[in-house]
Number of protein chains: 2
Amino acid sequence: MMGRKVTVRDVAAAAGVSTATASRVLTHSTSVNPEMARRVLKASSELGYTANVFARALRTQRTDTVGMVVPSISNAYFIAAVEAVERELADSGRSLILCDARESVETEAQRIELLVQRMVDGLIVVPVTAFDSVPAIEAAARQGPVVLFDRWADAASTDYVGSDNADGLRLCVDHLRARGCRSIVYVGAKPRTSTAYERHKAFRELMGPADGADGADGSTLLGEFSIEWGVDAARQLLGRDELPDAIVCGADIIAVALLGTLREAGVAVPEQVKVVSYDDLLLGQLTVPRLTSVRQPIDAMAAEAVRLLDERAGRPDAPVHKSIFRPTLVVRESTGR
Amino acid sequence: MMGRKVTVRDVAAAAGVSTATASRVLTHSTSVNPEMARRVLKASSELGYTANVFARALRTQRTDTVGMVVPSISNAYFIAAVEAVERELADSGRSLILCDARESVETEAQRIELLVQRMVDGLIVVPVTAFDSVPAIEAAARQGPVVLFDRWADAASTDYVGSDNADGLRLCVDHLRARGCRSIVYVGAKPRTSTAYERHKAFRELMGPADGADGADGSTLLGEFSIEWGVDAARQLLGRDELPDAIVCGADIIAVALLGTLREAGVAVPEQVKVVSYDDLLLGQLTVPRLTSVRQPIDAMAAEAVRLLDERAGRPDAPVHKSIFRPTLVVRESTGR
DNA sequence: ATGAAAGCGCTAACAG
DNA sequence: CTGTTAGCGCTTTCAT
């Protein structure tokens, strides 16, 4: 429906050259007579020429477009990631096509397939799960460059950019201990994603071998990365005989909901309970009190993801590369003044 | 880089028919001998055939793809709109390409241009501004179907789907008056967008002809649809001799920030000041107290937008259509129990 | 350095 | 109903 009418032919004719020469000028491919080049450029701009992307892609097998699939566009952390990647791509004149997997492995597979068909030059994926997302990702990786972002998928032999979750959790626990907290509870997500898995594992290791079974002593509560779970977990804690000194949340989205629920119940944060979280979303700075949270260097991570994509495009058989960034802790009022 | 190798030719050969017949089967265009059809389908699935989108688009001039440009993907209201449109399109087997204008008219123009080039079958735009966005929108509308969503752009002769902002504001003010509020302040955005303009205008008309000049009596404060402005406006109000009975916010993003700032300063909401807002985001249900807010029927609006796009594709010269939906007020704790 | 011509993979006329 | 053929608009050999 939508589309240009002006073609290279028109430009060539107007400039009095062959379509080949016109194309050469327009794509800066080979050197051409300056005078002809001038005429082509003039004709091109006068006619308002824009190359038909489909014809070009059909011919060159490239699109200057990168695809990105995230688990949910309503999670602000992924939006921040998308924005960072888009900024990065803009620098090299490329654009991003964004797809939402809606937390469904099936939708995710469809979206990945869609993007591969659209011949994106590369694909950045934040997998919905660590296991079930693997087949679609591997199929895509067979066709071209794929980089996993933030979460890895098990056994997927693709490049990866993420941050050190164990270190992030260590920052949380060290900070709380320095403020005198003894009893600490972790409220996170079930280990269906690599981030949920790593953060939970790190917490348990940091807390010592006290509990053997999976949170049998009540020091860890696992649900989803969602508002609902934050509310639910808070209620569970409120139902206990006594509250812990501090709560470590696996993500801001959980923490914000948990915080609201605790305060609604009259619990003073940070006086009675301190709360620390992960992601450092703007959202966490709107709460009262504002959240102490682990920040990942998302711009650097986005840049690295694009770099890996380009590197892989150049050397398809290079060994798999994993880039792990160090997070930092941003201290705010939720862990005391 | 990424792309299929299997072509119609391969499928046709494997099925022992011509490419034309194979194509006919694969696109369900004309009726074909059932036996041949069976063979083609079998060959197709055995070879793992997928049509090359570019070749198809080049030939058919269609892509089964709709483009959407929003002012900012970090504003949860637009994300909700995107999700609704995507759901709607999925029903008819089409997909959405999303672009972020980053609150910049220039970026917006680029993105619109990019999508038009990509020959999307239609374009849904939430314009960054009511005036400066017009040229890019009109240029796109000359190429194919365009529907403005939520915000209209001045003099753009394109179809539009939105909601009745005057009615929404009336709901707010009526509700507050029913709860006994006398002094009411409006905190909104400068009239650079149609929604900001209409909400502000409606508020002033509802409050009577008391103030002539633009908020000269301090009953309206105008800034941006942003966190920062919410904080700033709250501080301005806190600096006054006395607080109003109630505050009407032009958007939840403003209200959430304003609410946090008021409560941090020890102001009791809703006891001292009631707060009502617009958009009914999930965000507003995480605050303490939860926000009373105007909800727009976003799913119905998305469905209508897609319908208008399709209608326009069928009849390019049909008169311009504007669809205005009625909002409702969702009452929560921020205006009293 | 330039032009003529050959396709990229697909679908729509046009004959049969 | 089926096959042959001609492009969609572009880039890129291959000659010159």
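Computed from a predicted structure; not experimentally measured. Proteins come first, then strands; the chains are lettered A, B, ... in the order of their sequence lines, and each starts at number 1.
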Exercise. Which residues satisfy the salt bridge (charged side-chain N to carboxylate O under 4.0 Å, His left out) test with B/E103, sequence neighbours excluded?
Worked result: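 Partners of B/E103 under the salt bridge (charged side-chain N to carboxylate O under 4.0 Å, His left out) test: none.
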Exercise. Got a sec, which residues hit salt bridge (charged side-chain N to carboxylate O under 4.0 Å, His left out) with A/R94, two or more places apart in sequence or on another chain?
Worked result: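 Counting only residues at least two positions away or on another chain, A/R94 forms a salt bridge (charged side-chain N to carboxylate O under 4.0 Å, His left out) with A/D310.
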Taking [atom1] from [X] and [atom2] from [N], how many angstroms apart are they, rounded to a whole number?
X: B/Q61; N: D/dC8; atom1: CD; atom2: P; result: 10 Å
X: A/R62; N: D/dT12; atom1: CZ; atom2: C1'; result: 14 Å
X: B/R9; N: D/dT5; atom1: CZ; atom2: P; result: 12 Å
X: A/N52; N: D/dC10; atom1: CG; atom2: P; result: 6 Å
X: A/F54; N: D/dT11; atom1: CZ; atom2: C1'; result: 17 Å

For this session: Could I get the full list of side chain to side chain donor-acceptor pair (under 3.5 Å) partners for B/D64, not counting sequence neighbours?
Result: B/R62
For this session: Could you verify whether a donor N or O on one side chain and an acceptor N or O on the other, from A/E108 and A/S133, lie under 3.5 Å apart?
Result: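 A/E108 vs A/S133: donor-acceptor pair found between side chains.
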Problem set entry | Terminal helix-axis angle for the helix from C/dA1-D/dT16 to C/dG16-D/dC1, with five pairs defining each axis and rounding to 10 degrees | 40°
Problem set entry | Partner residues of A/F225 under the ring-ring contact (aromatic ring centres under 6.0 Å, His included) criterion, sequence neighbours left out | none
For this session: Using ring-ring contact (aromatic ring centres under 6.0 Å, His included) as the criterion, list what pairs up with A/F149, not counting sequence neighbours.
Result: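 A/F149: no ring-ring contact (aromatic ring centres under 6.0 Å, His included) contacts found.
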For this session: Between B/A55 and A/R59, just flag the one whose closest nucleotide in DNA chain D comes earlier from the 5' side.
Result: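 Nearest nucleotide further toward 5': that of B/A55.
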Problem set entry | Candidates D/dC10, D/dT12, C/dG9 - which lies nearest the side chain of A/L58 | C/dG9
Exercise. Can you name the side chain to side chain contact (heavy atoms under 4.5 Å, CB included) partners of B/S18, sequence neighbours left out?
Worked result: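 Testing B/S18 for side chain to side chain contact (heavy atoms under 4.5 Å, CB included), a comparison that skips the adjacent residues, returns B/A20, B/T21.
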Exercise. Sequence neighbours excluded, which residues qualify as side chain to side chain contact (heavy atoms under 4.5 Å, CB included) partners of B/A318?
Worked result: B/R312, B/R315
Exercise. Going by number, which of residues 18-29 of chain B have a non-hydrogen atom under 4.0 Å from DNA chain C?
Worked result: B/A20, B/S23, B/R24, B/T27
Problem set entry | Sub-4.0 Å heavy-atom contacts from residues 31-46 of chain B onto DNA chain D, ordered by number |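 Output list: B/S31, B/V32, B/N33, B/M36.
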For this session: Please collect all salt bridge (Lys or Arg N to Asp or Glu O under 4.0 Å) contacts where either partner lies in residues 72-91 of chain B, sequence neighbours excluded, each pair once.
Result: A/R111-B/E86, B/R87-B/D299
Problem set entry | Approximate separation, where rounding is to 0.5 Å, of A/F78 CZ and B/I73 CD1 |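 Spacing of CZ (A/F78) from CD1 (B/I73) equals 13.0 Å.
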Check residues 41-48 of chain A and write down every donor-acceptor pair under 3.5 Å in which the side-chain atom is one partner and the other belongs to a residue at least two apart or another chain.
unit_1 : atom_1 : unit_2 : atom_2 : d
A/K42  : NZ     : A/E46  : OE2    : 3.3
A/S45  : OG     : A/K42  : O      : 3.2

